[in-house]
Amino acid sequence: MRMKSAFPGCTMAFPGNREVHFWYLVPEEVQGKMLFNAYKDLISPEEHMHVFEMKEKQLQKHALLARVLVRTSLARSDTDGKINPKSLKFRKNTFGKPEVIWPFEKHDGNEWKPPPLCFNLAHTSSLIACGVTTKSSVGIDVEEKGRRMNSNIPKFARRYFSLPEIAWLEGIPDPERQRQKFVQLWTLKEAYVKALGRGISGAPLKDFTIHLKNLSDIQEDSCQCGGAPSLAQTITLEVSRNSDAITSNWQFLLFQPTDLHYASVCMEQNESHLDEEGRDENSCSGIKMQIWRTVPLVKDESFSGKQAILACSNSVGF
């Protein structure tokens, strides 16, 4: 196998305001002993120990791929070659959410201070994804569209969802469509909790409601990323209980990265998104998104403009 450069033609500028870089890989597409040896060389000794103390080979592979995807996704956000994926260091916040620690180094006699990148990782057995933003907290989640429940969906939803969400699901008469909407709603709630960085214990799923307005009346393939999203497919967040941890300054996007998966992105709407009069710039231009399918160190393929948008907050740009 002939190894290519670390980033084959795909280094880029840091994400801009309201922009998310979404990288994903399909584990089945990543093969080869030489490639996996290169991946092992990218992770830290602590990560190596954690990965290979797992007993199952498949778990080892997925854990290794997840760590390599995070490192290469963050390192790509650089046009001057200052970030080496192997040199990146991480820490966890109080609730266990990983954060990157940037080394402040001198390049050509000048101190280099990169912008604060935020990232989040999500995975299923068949897809691993990493979302990267600048200055804005981000949470992502991915689920297989064919995910099956072991129990009755409304019964399961009553354990985790708010009363309005349960009522909405119970109002969907077709069992298969109800299952699809449950999976979509689950990805949105997971993405929000992960964006908050507090875990389910710090932000219980029942303490907030996500409304998918008119989504049940719209065909899932009615909007592609290259076109204007239908404004009838909107996501709104309602905080059900008083909590310092749960806030409403977030935007959402629900889409299909592949024909087999749903994905959700939740991005913080911070002060940098407001104009001089305090108005929300997102109400006009929305979240911008770049999407790539990758095999790290080997190939990258841009999929921006090729995914079906299912729902969004306000408008979304691609």
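Below, each value reflects all heavy atoms present in this structure, side chains not excepted, and no hydrogens, waters or symmetry copies.
Applying the ring-ring contact (aromatic ring centres under 6.0 Å, His included) test to every pair with at least one member in residues 33-59, sequence neighbours left out, gives these pairs: Phe36-Tyr39, His48-Phe52.
Proximity of Glu144 to Ser126: side-chain heavy atoms (C-beta onward) are separated by under 4.5 Å at one or more points. Using a 4.5 Å cut-off on side-chain heavy atoms (C-beta onward), Val132 and Val20 make no contact. Here the side chains of Leu237 and Tyr192 are in contact, with some heavy-atom distance below 4.5 Å. Residues Val100 and Leu88 form a side-chain contact, since some pair of their non-hydrogen atoms from C-beta on lies under 4.5 Å apart. Looking at Thr134 and Asn17, their side chains never come closer than 4.5 Å, going by heavy atoms from C-beta outward. Considering only heavy atoms from C-beta on, Leu127 stays 4.5 Å or farther from Leu260 through its side chain. Between Pro15 and Leu117, the closest side-chain pair of non-hydrogen atoms falls below 4.5 Å. Looking at heavy atoms from C-beta onward, Glu268 lies out of side-chain contact with Val138 at the 4.5 angstrom threshold.
Within the 3.5 Å criterion, the main-chain N or O of Ser44 finds no donor-acceptor partner in the side chain of Lys89. With hydrogens and angles ignored, the 3.5 Å screen pairs a side-chain donor or acceptor of Glu19 with a backbone N or O of Gly16. For the pair Arg67 (side chain) and Ala63 (backbone), a donor-acceptor distance under 3.5 Å is present. Without hydrogens or angle criteria, Ser87 side chain to Asn84 main chain gives a donor-acceptor distance under 3.5 Å. At least one donor-acceptor pair closer than 3.5 Å links the side chain of Arg179 to the backbone N or O of Arg147. The closest donor-acceptor contact from the side chain of Lys61 to the backbone of Pro27 lies under 3.5 Å. One N or O on the side chain of Lys189 and one on the backbone of Phe208 form a donor-acceptor pair closer than 3.5 Å. A donor-acceptor contact shorter than 3.5 Å links the side chain of Thr187 to the backbone of Gln184. Listed for the Ser313 side chain is a donor-acceptor partner under 3.5 Å among the backbone atoms of Ile235. For the pair Gln178 (side chain) and Leu169 (backbone), a donor-acceptor distance under 3.5 Å is present.
Glu238 and His211 share a donor-acceptor pair across their side chains, judged by distance under 3.5 Å alone. Looking at Thr294 and Asp300, their side chains do bring a donor and an acceptor atom within 3.5 Å of each other. Glu165 and Ser162 form a side-chain donor-acceptor contact under 3.5 Å, judged by distance and modelled atom types alone.
Minimum heavy-atom separation, Lys92 to Gly96: CD-O, 3.6 Å. Closest non-hydrogen pair, Pro85 versus Arg71, comes out as O-NH1, 2.6 Å.
Following chains of ILVMFWY side-chain contacts shorter than 4.5 Å, one cannot reach Val30 starting from Leu59, and the two form parts of different hydrophobic clusters. Put simply, Ile43 and Met54 are part of two different groups of oily side chains (I, L, V, M, F, W, Y) that touch within less than 4.5 Å, one to the next.
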Steps toward side-chain contact (heavy atoms from CB on, under 4.5 Å) verdict (Leu64, Gln60): CA-CA 6 Å; Leu64 177 62; Gln60 292 178 6; over 6 Å; no

Step-by-step side-chain hydrogen bond (donor to acceptor under 3.5 Å, both in side chains) determination, Glu190 to Ser264: CA-CA 8 Å; Glu190 282 278 343; Ser264 290; over 6 Å; no

Evaluation steps, side-chain contact (heavy atoms from CB on, under 4.5 Å), between Tyr24 and Phe303: CA-CA 10 Å; Tyr24 74 91; Phe303 272 74; 4.0 Å; yes

Step-by-step ring-ring contact (aromatic ring centres under 6.0 Å, His included) determination, Phe182 to Phe156: CA-CA 10 Å; Phe182 168 83; Phe156 184 83; 5.7 Å; yes

Steps toward side-chain contact (heavy atoms from CB on, under 4.5 Å) verdict (Thr72, Trp23): CA-CA 10 Å; Thr72 54; Trp23 294 88; over 6 Å; no

Criterion salt bridge (Lys or Arg N to Asp or Glu O under 4.0 Å) on Arg158 and Glu170, from CA distance to verdict: CA-CA 11 Å; Arg158 282 191 283 272; Glu170 289 178 338; 2.7 Å; yes

Step-by-step side-chain contact (heavy atoms from CB on, under 4.5 Å) determination, Arg293 to Val26: CA-CA 8 Å; Arg293 183 168 180 157; Val26 176; 3.3 Å; yes

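Rounding to the nearest 0.5 angstrom, the gap separating the SG atom in Cys266 from the CG atom in Leu196 is 7.0 Å. Atom-to-atom distance recorded for Tyr262:OH and Asp141:CG is 13.5 Å, nearest 0.5 angstrom.
Between Phe255 and Phe22, the gap from one ring centroid to the other is short of 6.0 Å. The six-membered or imidazole ring of Phe119 lies near that of Phe90, with a centre-to-centre distance under 6.0 Å.
Taking the ring-ring contact (aromatic ring centres under 6.0 Å, His included) definition, one finds that His21 meets it with Trp292, sequence neighbours left out. With sequence neighbours excluded, no residue forms a salt bridge (Lys or Arg N to Asp or Glu O under 4.0 Å) with Lys194.
Counted within 6.0 Å of NE2 on His123, heavy atoms from surrounding residues, nucleotides or ligands total 12 or fewer; the atom is thus considered open. In Glu53, the CD atom is crowded: over 12 heavy atoms of neighbouring residues, nucleotides or ligands sit closer than 6.0 Å. Shown here is Asp259, whose CG atom has no more than 12 heavy atoms of other residues, nucleotides or ligands within 6.0 Å. Taking a 6.0 Å sphere around CD of Glu176, one finds it holds more than 12 heavy atoms contributed by other residues, nucleotides or ligands.
Looking at Lys299 and Glu29, no side-chain N of the basic residue comes within less than 4.0 Å of a carboxylate O on the acidic one, giving no salt bridge.
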